[in-house]
Amino acid sequence: MKQPALIVEPEAQVQTAADRMHAKGSGSIVVVDDRDHVVGILTERDLLRLAAFGSDASKERVADWMTADPTTATPDTPATEGLKRLNEGKFRHLPVCEADGSLAGVVSMRDLMAIAKVEAVRHPGELDAPKGLAGVTVAETEVGGVRGREGFFHYRQYAATDLARQRTFDDVWHLLLVGELPASTREREAFLDRVRPLRALSPKTATLLHEIAAAGSSPLDGLRTGVSLVAADEGFQPSMDVTADDLLEQALRITAVVPTIIAALYRAHQGEDPVAPHPDLPYAANYLYMLRGEVPAPHNARAIEQYLISTVDHGFNASTFTARVITSTGADLGAAITGAIGALSGPLHGGAPSRALDLLDEIGSVERADEVVRRKIETGERIMGFGHRVYKTRDPRSVLLREVAERVGGDEAALAIAVEDVVVDLLAELKPGRELYANVEYYAGIVMESAGLPTDLFTATFAASRTVGWCAHVMEQAADNRIIRPSARYVGTPPPQDVPTIDE
Ligand SMILES: CC(C)(COP(=O)(O)OP(=O)(O)OC[C@H]1O[C@@H](n2cnc3c(N)ncnc32)[C@H](O)[C@@H]1OP(=O)(O)O)[C@@H](O)C(=O)NCCC(=O)NCCS
């Protein structure tokens, strides 16, 4: 047990507590009242949480960030019992109190493990990150960023929504992979000439994709296998063994061929032959062309293009992080994109834009919106297409896609626009203070459906645009790599236990 324990008053600033912890190299500080009785404990984890919220430690009170009334021990508590309490509560420090409640000292997991002759080895500077790594910055990037409180996100130095309003998908593709926007139509054409031949499938891949579709896989699962096939067929080498130029070439190949793979899988599912890429159409129009076999109306191509631009990149989301982790091992670009598609397929990430359409179908007319949505919220259901982990104001993607939906028009778009305001008002009334607004998924389904995309292609279409963002991150990771290898703290039964003999 450490004596005297490091202490601080509940009314002190968090900064004072942090300074004392730092000076003594301690991972915690016990919070005591004026009778020297334990009222709380403040740990490194709380300091990390405070930093993640962007709060100023010199303006925050210890009482607001500590764990109040922590589990304690007495000087007589056996070490094994102390370890048990720490394990059960998932803490690392236990204040030790005398019978009268006054503080006697503090004992740590490390102290107790030492008694058990199994000292946990902690590296200097090792930190505990919050669950889900929420609020933890794990890398530096020049690809883009998200500022949730401001309702703003950007690709490189440009607001993503400005790009969606003013540029083509192919320009944004150039921005992400080459590093800058094409400065002239000549540069734009040169880029299109470069990527045009990269869209086609090899005969071998085309045949195998047909088999994959026949096996009944979903478009996203088929895409995952298709990307892996292309990389294997073309002999992509580990990212650590290829030059930056080679990696860019592979990135262009994968980003160019993904829409062709999705369209081929979709048509095979429908029992139709694939349609070869159209030599004169840019990315978005060509995607719709390969799905339907006819040149799309310009307003539909533009609507889908704006959706695609708005979903190219979005911070260190789970699939982007996955692509970077895989690349950090030196694995090839195909492996990174295949893994990223796997991460995107989870319902908590790739979501299902069609769920917001289902909600609108259920509501049917704006007159019914209040009744249907109120009942759902009151019975604890989530309203699909509303709320976001990062945005606590209007999601800029939904603002943009609402504009697109307004332009596209139609009954469903009109209903969605009218219902949005009803839902936002109801959420403010029934979930006050939660700051819940429409997210990207609310209008995504409307825009994609009105541009002629079937609902079962929604997530695969999202994957197509996001492949551009993933590839930009793969290239950035490979250019300045260190293997991403965090640690986990073992919290099971303290080892080493005697290995039991097996019953005869
Ligand atoms: C996106 C989402 C998962 C973010 O979750 P989160 O940041 O972890 O937020 P939480 O789950 O902690 O929710 C905070 C509170 O808001 C409420 N809330 C959040 N989203 C809600 C929604 N769509 N409808 C009703 N209530 C919602 C929660 O019930 C919770 O209320 P409580 O404090 O009474 O428990 C969540 O908003 C959600 O489930 N939305 C619906 C699904 C969706 O649209 N997904 C696509 C996202 S792009």
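Read the numbers this way: they start at 1 and go in the same order the structure lists the ligands and their atoms. For clarity, every value in this text was computed on a predicted model and none was experimentally measured.
Residue contacts with ligand 1 for L348 are absent, since no atom lies close enough (heavy atoms, distance under 4.0 Å).
A donor-acceptor pair is defined here as one N or O able to donate and one able to accept, closer than 3.5 Å; no such pair exists between the side chain of T16 and the backbone of A12.
Between R397 and ligand 1, no N or O atom pair is found at a separation short of 3.5 Å. Considering backbone and side-chain N/O atoms, L427 never comes within less than 3.5 Å of an N/O atom of ligand 1. At a 3.5 angstrom cut-off on N or O pairs, G385 counts as close to ligand 1. Inclusion of E381 in the set of residues having an N or O under 3.5 Å from an N or O of ligand 1 is not warranted.
Listed by first then second residue, pairs satisfying side chain to side chain donor-acceptor pair (under 3.5 Å) with a partner in residues 129-143 read T141-E476, not counting sequence neighbours. Applying the salt bridge (Lys or Arg N to Asp or Glu O under 4.0 Å) definition to pairs two or more places apart or across chains, none involves residues 447-458.
Salt bridge R165/E403: present, at least one basic N to carboxylate O contact under 4.0 Å.
Aromatic rings from F321 and H349 are positioned such that their centres are separated by 6.0 Å or more. The ring of F316 has its center closer than 6.0 angstrom to the ring center of H473.
Near R389, meaning under 4.0 Å from any of its heavy atoms, are these atoms of ligand 1: 4 (C), 6 (P), 7 (O), 8 (O). Which parts of ligand 1 touch M384 is read off a 4.0 Å heavy-atom cut-off, strictly below it: atoms 42 (C), 44 (O). Listed by atom number, the atoms of ligand 1 under 4.0 Å from G387 heavy atoms are 1 (C), 37 (O).
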Item to complete: Please report the C-alpha distance between K392 and E435 in whole Å, then the side-chain angles of each, then the deciding distance to 0.1 Å, and finally whether the salt bridge (charged side-chain N to carboxylate O under 4.0 Å, His left out) criterion is met.
Response: CA-CA 5 Å; K392 298 302 171 198; E435 299 175 300; over 6 Å; no
Worksheet item: Please walk me through it: do E44 and R49 pass salt bridge (charged side-chain N to carboxylate O under 4.0 Å, His left out)?
Response: CA-CA 9 Å; E44 282 168 346; R49 213 159 40 86; over 6 Å; no
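Using a 4.0 Å cutoff on heavy atoms, V390 does not count as a contact of ligand 1.
When K376, R382, E441 are ranked by how near their heavy atoms come to atom 36 (C) of ligand 1, first place goes to R382. Considering only non-hydrogen atoms, atom 22 (C) of ligand 1 lies nearest to I383 out of D395, I383, I377, N317. Ranked by closest heavy atom to atom 19 (C) of ligand 1, the top entry among N439, V373, L436 is L436.
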